Amino acid sequence: MCNITACRAIISLVMVGAMAKSVKQTDADNIVLRARTEAEALGQLYELYYERIFRFCVHRLFSKETAEDVTSIIFLEVASRIRSFGGRTEQDFQNWLYAIAANQANAYIRKTSRRKRLLAEAAGSMTDNTTDNSSELNWPRLYAAILKLNSEHQTIITLRFFENMEFEQIAKILDAREATLRVTLHRILKKLRRRLETVFEGEL
Amino acid sequence: MFKNEDDFKKIVGRLNIDDKPSPGHRESLRRQMISVFDKSGEEPITKSRSLRSTIMKSPIPKLAAAAAVIIIVVIGAYYLKPDDSTTMVDIVPKQPTPTGTQLVALDIKLPKPMFVGTPQDVKVEYLEKPLGKPRPPFYAPVGTKNVAIGKPVTSTDEFPIIGKLEWITDGDKEGADGSFVELGPLEQHLTIDLEAEYNIYAIVVWHYHKEPRVYFDVVVQAASDPDFTVNASTVFNNDIDNSLGLGVGKDMHYTETAEGKLIDAKGIRARHVRLHSNGNTTYDVNHYIEVEVYGKAAE
C-alpha cells in the first residue's frame, strides 16, 4: 500500500516537472512567434541572445570592436527578416540566428585585407601578452591558427568548442550531415594541431 | 599540444578571452533594431499592393509592361548570343607560322563534365563570357605533349586541407571528390618543376569543375630557375587590382568548366611553372584538380 502511494507521488512529481518544462518551452516558443509582429517580443529575444552572439563574434573575429560591428549587422538583419521567419520554436530561432551570425562573420573575414588585419592584431596581442606561460597555448596564438583554416571550418570549431554545441545543432545551422561534420571536425583538429606545431609567432 | 577533441575542449576552456560586451553598444543596438523592425512592418506591403492595383486597373500600363518585357528579352537575346570573337578564339595561333613550323591541334583529353549547360554568369567584375560551345582546337608544333605529368609539385600550403600535391600532375582531371586538392585560404601558389627546360606552348589548368566558380587572382608564371629570376615571365594574370603585388592583370576572370582554362604560353622557354590564386566565388580556399603543361624539349 505504502509502495503504491510512493509510486503515485513519484508519478505526480514527474508529471508536474514535465508540465513545468512544457510550459517554459511554450513560453519561449511564444516569444518567437510573437516576435514576428511585436517589437516587445523581439526585444526579449534580443536580450536573451545578445551576449551569446557577441561572444560568438569575438571568438570568430578576435577584436571586440569588430565583434560589435558584426553583432550589429546580425541583429539588424534579424530585425528586417523576422517577419518572414518560418520557424516555430526557440530552437528554430536559435539555429536561424546562428546561421546568420556565421554567414556575417564569414562575410567579414572574406576580404583578405580584413583577415590580415585580424592576424596582425592577434600577433600583436601575442607579443604583448607576457603573463601567459609560453608553453601553454594562448588565445591569440590559437586564434591565428584557426584563422588560417577555411571559413566553414572556423565556424565548426567555434560552434563546437566555444559555443559548446552538439553536432546535431551544428548540422542544422550549417545545413550539413551530422556524420560528415564529425569526420570533418576530426580532420580540422588534425590540421590545426599540425599548424600549431609548425607555425611560430614569427611567421604571423 | 592537444591529442583529441576532449583535450582541445579543455584547452579552450582554460583560455582567457575578454568577451564582455559594452553596455552602451547593447542599448544603442537595441534601439536601432526595434527601429528597423518597425520600418520593415509597413512599407513593402502597402507599396507593392498599390503598385499592383495601379497596373491591374488600367490596360495601358499592362500593355506598356508587356512591351518592356519583350524589348528586354530581344535585347538580352542579342547580347547573350555566343560571339565568335571572344578570348577563347583569340588564343588559336594563325596558320601557317612565319617560320614554317608544322602545327597540329593539341590532343587535350577532357574529363566528364560535372554540370550540364553553359555556366550561368557569376557576379564577378570583368568576367569572360561563356563560349557556349566547345573550345576551338589549339595548334602547337608537332611533338608537343604534356610535360608536367608526374612531375614534382611544391606549394605555399605544404599540408593541403584535402588531397596531396602530387594529384595535381597525376593525369586525373575528374571533378569528383578524391581528385582535387584543397589548399588553404588567402593567396596560395604552387610550383611545378618540369625537371628540364622546355619550350612551353600551352598551360591548361583545372581548379575545380564540380560547379561553376570563378577563382580570383589567377596568375601563371614561368621561369628557368626555382626563384623565378631567370627568363621569368607571366603568361596569364587576372589579378585586376594587383592584390598579389605581382602587377596589375589584364586577363579576364573566367568560369571553371570541365574544359579547364587553356593559356597560350607562346613557346616561352622555362623549367618551372608557378600558379597563384586567392580563393574563389564560393569559398576563400584554393583548389587544383590538374595542371597540364604542353611543351617540347628546349632547342
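Remember, predicted model here, so these are calculated numbers, not experimental data. Within every chain, numbering begins at 1; the chains are lettered A, B, ... in the order of the sequence lines, protein sequences first and strands thereafter.
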Next on the checklist: Which atoms of A:Arg36 are under 4.5 Å from chain B, going by heavy atoms: the side chain, the backbone, both sets, or neither?
Outcome noted: backbone
Next on the checklist: Which heavy atom of B:Val36 sits nearest to which heavy atom of A:Ala79, and what is that distance?
Outcome noted: CG1-CB, 3.9 Å
Next on the checklist: I'd like to verify something: which residue of B:Gly13, B:Pro21, B:Ser35, B:Gly184 has the highest number of heavy-atom pairs under 4.5 Å with chain A?
Outcome noted: B:Pro21
Item to check | Reported CD1-to-CG distance for the pair B:Ile34 and A:Leu42, which is rounded to 0.5 angstrom | outcome: 5.0 Å
Checklist entry - So does A:Glu166 have more than 12 non-hydrogen atoms from other groups sitting under 6.0 Å from CD? => result no
Checklist outcome for this item: dist B:Met33:CE -> A:Leu45:CG (nearest 0.5 Å) comes out at 8.0 Å
Checklist entry - Should we say atom CG of A:Asp175 is surrounded by more than 12 heavy atoms from elsewhere, each under 6.0 Å from it? => result no
Next on the checklist: Please rank B:Lys3, B:Arg30, B:Gln32, B:Lys9 by heavy-atom pairs under 4.5 Å with chain A and give me the top one.
Outcome noted: B:Arg30
Checklist entry - Side chain, backbone, both or neither: which part of B:Ser22 has a non-hydrogen atom closer than 4.5 Å to chain A? => result both
Checklist entry - When you look at CZ of A:Arg187, are more than 12 heavy atoms from neighbouring residues, nucleotides or ligands closer to it than 6.0 Å? => result yes
Next on the checklist: For the residue pair B:His25 / A:Thr71, report whether a side-chain donor-acceptor contact shorter than 3.5 Å exists.
Outcome noted: no
Checklist outcome for this item: The reported gap from CZ in B:Phe8 to CG in A:Leu185 (rounded to nearest 0.5 angstrom) is 8.5 Å
Checklist entry - Side chains of A:Trp139 and B:Asn16: does their closest heavy-atom pair fall under 4.5 Å? => result no
Checklist entry - Using non-hydrogen atoms only, which part of A:Glu38 is less than 4.5 Å away from chain B: side chain, backbone, both, or neither? => result backbone
Checklist entry - So, B:Glu5 and A:Arg160, do they make that salt bridge, N to O below 4.0 Å? => result yes
Item to check | Side-chain heavy-atom pair B:Arg26, A:Tyr46 within 4.5 angstrom cut-off | outcome: yes
Next on the checklist: Could you check whether A:Arg55 pairs with B:Asp18 (Lys NZ or Arg NE/NH1/NH2 to Asp/Glu carboxylate O, under 4.0 Å)?
Outcome noted: no
Next on the checklist: So which residue, A:Phe54, A:Phe62, A:Phe162, ends up with the most heavy-atom pairs under 4.5 Å with chain B?
Outcome noted: A:Phe54
Checklist outcome for this item: So, the part of A:Phe75 with a heavy atom under 4.5 Å from chain B: the answer is both
Next on the checklist: So for A:Leu142, is it side chain, backbone, both, or neither that comes closer than 4.5 Å to the heavy atoms of chain B?
Outcome noted: side chain
Checklist entry - Any idea which heavy atoms bring B:Glu182 and A:Asn150 closest together, and the distance? => result OE2-ND2, 3.3 Å
Checklist entry - Relative to chain B, which segment of A:Ala67 carries a heavy atom at a distance below 4.5 Å: side chain, backbone, both, or neither? => result neither
Checklist entry - Can you check whether B:Leu29 reaches A:Tyr50 side chain to side chain, under 4.5 Å on heavy atoms? => result yes
Checklist entry - Going by an N to O cut-off under 4.0 Å, is there a salt bridge joining B:Asp157 and A:Arg195? => result yes
Checklist entry - Could you give the distance from CD1 (B:Ile11) to CG (A:Leu196), rounded to the nearest 0.5 Å? => result 8.5 Å
Item to check | A:His59 versus chain B, the contacting section by heavy-atom distance below 4.5 Å | outcome: side chain
Next on the checklist: Distance check, rounded to the nearest 0.5 Å: A:Arg52 atom CZ versus B:Asp19 atom CG?
Outcome noted: 13.0 Å
Checklist entry - Taking every heavy-atom pair that is under 4.5 Å apart, which of A:Glu51, A:Glu47, A:Glu152, A:Glu40 has the most such pairs with chain B? => result A:Glu47
Item to check | Beyond-backbone contact of B:Ile17 with A:Tyr143, side-chain heavy atoms, under 4.5 angstrom | outcome: no
Next on the checklist: Check for me whether A:Arg83 meets the cation-pi criterion with B:Phe37, that is, NZ or CZ under 6.0 Å from the six-membered ring centre and within 45 degrees of the ring axis.
Outcome noted: yes
Item to check | Heavy-atom proximity to chain B below 4.5 Å, by part of A:Ile82 | outcome: side chain
